[in-house]
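Just so it is clear, the structure is predicted and the values come from calculations on it, not from any experiment.
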Amino acid sequence: MANFSKSTVPQFSVEVYQNEYLPEGGREVNAIVTVTSTGGGTTGRRSLTGAPAAAALPGHGPNAAVVIMVDCSGSMDYPPTKMRNARDATSAAIDTLRDGVAFAVVAGTHVAKEVYPGNGALAVADAATRAEAKNALRKLSAGGGTAIGTWLGLTDRLLASADVSIRHGILLTDGRNEHETPEDLRAALEACAGRFTCDARGVGTDWVVKEVTGIASAMLGTADIVADPAGLAADFTEMMENAMGKEVADVALRLWTPVGVEIKFVKQVAPTVEELTERRTQANTRAGDYPTGSWGDESRDYHVCVQVPEAGVGQEMLAARVSLILPAADGTSQVLSQGLVRAVWTDDMVASTSINPQVAHYTGQAELAQVIQQGLEARKSGDFDGATAKLGRAVQLAADSGNADTAKLLSKVVDVVDAATGTVRLKAKVADADEMTLETRSTKTVRVKK
């Protein structure tokens with residue numbers, strides 16, 4: 001659990017966007033909850049000029065530990081430049097570590113091995129340990145199988161040895177998780193979930209998208225493809241900068257609902273779509289907590305949908321209260337911010353039938369992610385009519401919402417005849433990298449235009 005004094009906790013704000021008006025007998029209430037954190041470090045991303053992001057704010061000492069897991073299976077030797085690119089990327093990530101941050105490097109095959117510092121320990125980043133770690137990377141060589149659950153297990157043990165609040169993993173793989181069962185990997189993820197966050201990257205095109213995205217999702221991290229191994233160093237640097245920008249962990253989105261209100265779903269909808277409904281842990285009789293992971297200076301959007309009891313015109317009620325909760329080591333918790341979701345019954349048809357722009361936008365973004373995944377599955381199974389329909393709908397949704405990045409990725413899989421109507425033709429030949437990039441990034445969303 002996090003253990004911060006109030007002076008080191010970033011400022012959180014909660015804004016609720018909804019149409020609170022329901023027709024007589026109406027029961028479904030939707031709200032977009034925007035959570036913004038300021039003063040807690042940085043997003044870790046590079047500035048518009050390309051300069052590295054600033055370090056944490058003065059007074060925010062290093063409170064983090066990071067383990068880098070590098071795939072060293074036999075396939076990393078094909079081509080031989082892949083292993084060299086992985087070493088260079090890990091070296092670049094080590095250079096990005098702030099002084100005082102605890103860190104380690106793990107080599108992953110069908111077993112997990114400590115590369116640096118060894119003996120079940122973490123090193124503390126400074127000029128000397130960074131140089132030692134980069135020198136130790138020369139030992140990395142390709143050979144063996146792939147059992148990612150063992151990598152995560154070792155990483156968990158190493159991170160658990162650090163008395164810090166931010167625990168983070170970076171995982172690189174180039175192949176299928178062939179040397180353990182899916183159940184083994186699932187068990188490892190369940191054991192590690194909530195103990196550290198983890199960003200996962202697939203390099204090349206021989207890995208399984210659902211494995212890599214599943215790891216990142218379970219560990220509240222990011223997933224992406226690096227189709228060309230030459231791009232690994234830039235990607236690793238950005239990932240580590242982002243990790244260095246996190247200053248508070250274990251923040252929970254707490255949803256309190258009155259008697260008679262049923263929660264239909266809770267999901268993150270920006271910057272990516274992430275289903276949280278099944279991750280609820282009971283806080284008390286009427287409230288449950290949903291994990292959000294670590295925060296720096298950033299903003300995220302969540303879609304909350306509840307079902308309220310029927311009521312007559314003129315009645316109103318508090319449908320839900322949304323709070324940001326920071327648990328402490330002593331079992332207490334601090335409320336960082338909160339917002340209210342309301343329901344008001346009216347006979348004004350205009351008021352009760354209008355859809356809040358934020359709710360409409362993110363409902364479309366969630367559908368966009370879903371139809372892309374369904375369309376690609378249909379294409380792989382030979383259902384070309386189904387694939388055309390789903391991917392055509394995706395093109396239409398991307399155009400409607402201004403999601404230019406996703407529209408560009410879709411154009412590499414389909415020929416767009418008319419984006420407005422979703423009329424497309426499947427391309428006869430699609431590069432593996434283009435299809436995998438679309439699938440991996442299908443859950444990335446754009447913020448609603450205010």
Side-chain angles (χ1 to χ4, degrees), residues 1-6 8-16 31-41 63-64 156 159-160 164-169 189-199 216-222 243 245-258 261-306 318-341:
M1 291 292 183
N3 188 15
F4 291 93
S5 68
K6 289 190 177 181
T8 64
V9 176
Q11 295 298 307
F12 281 84
S13 66
V14 172
E15 296 175 275
V16 177
I32 298 300
V33 179
T34 296
V35 178
T36 303
S37 165
T38 55
N63 189 32
D156 185 31
L159 291 172
V164 296
S165 295
I166 307 292
R167 295 183 177 89
H168 193 77
L189 288 169
E190 288 174 357
C192 295
R195 293 173 59 79
F196 65 96
T197 56
C198 183
D199 294 323
S217 176
M219 303 301 294
L220 298 174
T222 65
K246 304 297 185 182
E247 281 292 320
V248 58
D250 297 327
V251 175
L253 189 76
R254 177 167 294 176
L255 191 61
W256 175 91
T257 50
V261 173
E262 177 188 340
I263 298 169
K264 297 190 75 173
F265 63 78
V266 177
K267 63 177 74 171
Q268 178 183 288
V269 288
T272 59
V273 177
E274 192 66 64
E275 183 61 61
L276 299 175
T277 311
E278 300 303 319
R279 301 190 190 189
R280 175 186 174 102
T281 56
Q282 206 66 19
N284 55 52
T285 307
R286 303 299 323 152
D289 291 347
Y290 301 85
T292 68
S294 302
W295 289 75
D297 277 6
E298 58 190 298
S299 182
R300 304 178 200 167
D301 292 331
Y302 299 86
H303 187 170
V304 173
C305 179
V306 299
L318 176 61
R321 182 171 61 239
V322 183
S323 306
L324 267 294
I325 302 294
L326 181 63
D330 61 3
T332 61
S333 60
Q334 180 181 348
V335 178
L336 303 175
S337 187
Q338 66 179 27
L340 305 178
V341 180

Fill in: Basic-acidic side-chain contact under 4.0 Å: Glu274, Arg300
no
pair Phe265-Val304: side-chain heavy atoms closer than 4.5 Å:
no
Any side-chain heavy-atom pair from Arg286 and Arg321 closer than 4.5 angstrom? no
Checklist line | Ring-ring centroid check His168 Phe196, cutoff 6.0 Å | finding: no
Item to complete: Run the salt-bridge test on Glu278 and Arg280 with the 4.0 Å N-O cut-off and return the result as yes or no.
Response: no
Checklist entry - Looking at side-chain heavy atoms only, is the closest gap between Val341 and Val322 below 4.5 Å? => result yes
Test item: Thr34 and Ser299 side chains (from C-beta on) under 4.5 Å apart, heavy atoms:
yes
Between the CG atom in Asn63 and the NZ atom in Lys246, the distance rounded to the nearest 0.5 Å is 14.5 Å
The reported gap from CD1 in Ile166 to OG1 in Thr197 (rounded to nearest 0.5 angstrom) is 7.5 Å
Which of Val33, Ile32, Thr36 passes side-chain contact (heavy atoms from CB on, under 4.5 Å) with Asp301? It is Ile32
Could you check whether any side-chain heavy atom of Ile325 comes within less than 4.5 Å of a side-chain heavy atom of Leu336, counting everything from C-beta outward? no
Going by heavy atoms in the side chains, are Tyr290 and Ile263 under 4.5 Å from each other?
-> yes
- Leu220 side chain reached by Arg279 side chain, heavy atoms, under 4.5 Å: yes
Evaluate the side-chain proximity of Arg254 to Asp289: yes if any heavy-atom separation is below 4.5 Å, no if none is.
yes
